[in-house]
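Reviewing the structure listed below.
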Amino acid sequence: MHLTQKEKRILQGEKGSIKAKALKLLVEMGKQKGAEELVDIRRSHISGVSYKTAGKPMLQLLEDMVEHGVKVKTFATVNPAGMPRKGWKSLGVPEEFALPQHRIIAAYQKLGCEVTLSCTPYSLYSPKKGETVAFAESSAVCYVNSVIGARTNRHGSLDALAASITGKVPKMGLLLDEKRRPGILIKVNFVPASQTEFSLLGLYIGGKIEKEDNPAFSLSNVPTEDELKSLGGGLATSGAIALFHVLGVTPEAQNLTEKELRSLETITVTEEELEEFSKERKKVTEKPDLIAFGCPHVSFNRLKAISKKLAGRKVRNAISLWIFTSEAVISRANESLLKSIRNAGGQLIIDTCPVVAPIEKMGIKKVVVDSGKACSYIPRLAKGVTASISNLDEIVEKWTVKC
Ligand code: F3S
């Protein structure tokens, strides 16, 4: 790999041992994938924030970096933590979790990160179309590549951190034009009825194709940004997909020629097929302890839709309704929007999410979600907790009453 004189000096330790190790990690990553050089970035998003998933080793690494005076070089946002910074006690988060979690958040802050604690950082600080960035968090990777048209590989927590402190990434994978072309055409011959159906469609297709396939979807409707976000979240969960196209909708789909599309292998998805795939996930046998919206974090439009649906209703007894979102989204909401959520018994929760919070230690056993990603990950990451999926209308119909 060609390295500049400056990069060579960083590798030799001119800027300290941590920067040298971080750059070495990126160089090795690049060499494995045949990258010829490193490129500069100004924007990144880091995962590995929740103490539940990052644990003690990450806490130690971050505090070590702080002690060495390391600072991020990019505008770096961070993923949800395992609890909100305020009000965690009333949600039932145990103290032995909260203390190290606070230290992780403090360390990111001292490194110079924007402590956004959200998996939808693009809704406040969006990268530009065509810009090269380094994003971790699979759903955000899929969104910025596909819907915004920025360029990022699917980074893990360590390499996103390394990219943030060096301001560099290896030029490889989805940073290259040729790796962004579609490898398969997905014809959807029905109109997915809700954001949840898009999420399930993503989950279904992600499980059927290869991760380098960059599926191109042919849809008979124009999906909303929220629906695209859910589609990407599902694809990233089951198939590690980092880029998709929607014909006539997403930015890079405009460059696809008829000839190119005709040459692609094609899969057709029917409504019956998706229904069959979703059947088990949709099965709700008992009353849930928790209804969780917001995986990925709900947008302002989604918050409005939820609030509208909840107006004049109340959640059934002994069910909590938590809406996971970001501070940035809540700051846009007016009092009447928030009131219908509160009056229905709902709580807006920031800084965390239903998957990375230690819900198994918070007295929760059964969760209903509107997201394929949450439905897949909750049972895997929260021992003894079950999850089922329903769309917003069904949830409101079944688990709330008129008041
Ligand atoms: Fe976001 Fe947590 Fe889901 S980080 S995408 S809400 S698993």
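FYI, side chains are in, hydrogens and waters are out, and symmetry mates aren't considered; it's all heavy atoms of this structure. Start at 1 with the first residue, then count along the sequence. When a ligand or atom number is given, it counts from 1 through the structure's own listing order.
- Interatomic distance, OG of Ser47 versus CD of Glu137, reported as 7.0 Å (0.5 Å rounding).
- Scanning for ring pair (Phe, Tyr, Trp, His ring centres under 6.0 Å) contacts around Tyr51 gives Phe97, with sequence neighbours left out.
- Applying the ring pair (Phe, Tyr, Trp, His ring centres under 6.0 Å) test to Phe75 and every residue at least two apart in sequence or in another chain returns Tyr125.
- Listing protein N, O or S atoms at distances below 2.8 Å from atom 3 (Fe) of ligand 1, with waters left out, gives Cys295 SG.
- Taking a cut-off of under 4.0 Å to the non-hydrogen atoms of Glu137, the atoms of ligand 1 that pass are 4 (S), 5 (S).
- Take Phe300 and apply the ring pair (Phe, Tyr, Trp, His ring centres under 6.0 Å) test, not counting sequence neighbours, and it matches no residue.
- How far CD of Glu272 is from CD of Glu275: 9.0 Å, rounded to the nearest 0.5 Å.
- The existence of a salt bridge linking Arg85 and Glu327 is confirmed by a sub-4.0 Å separation between a basic side-chain nitrogen and an acidic carboxylate oxygen.
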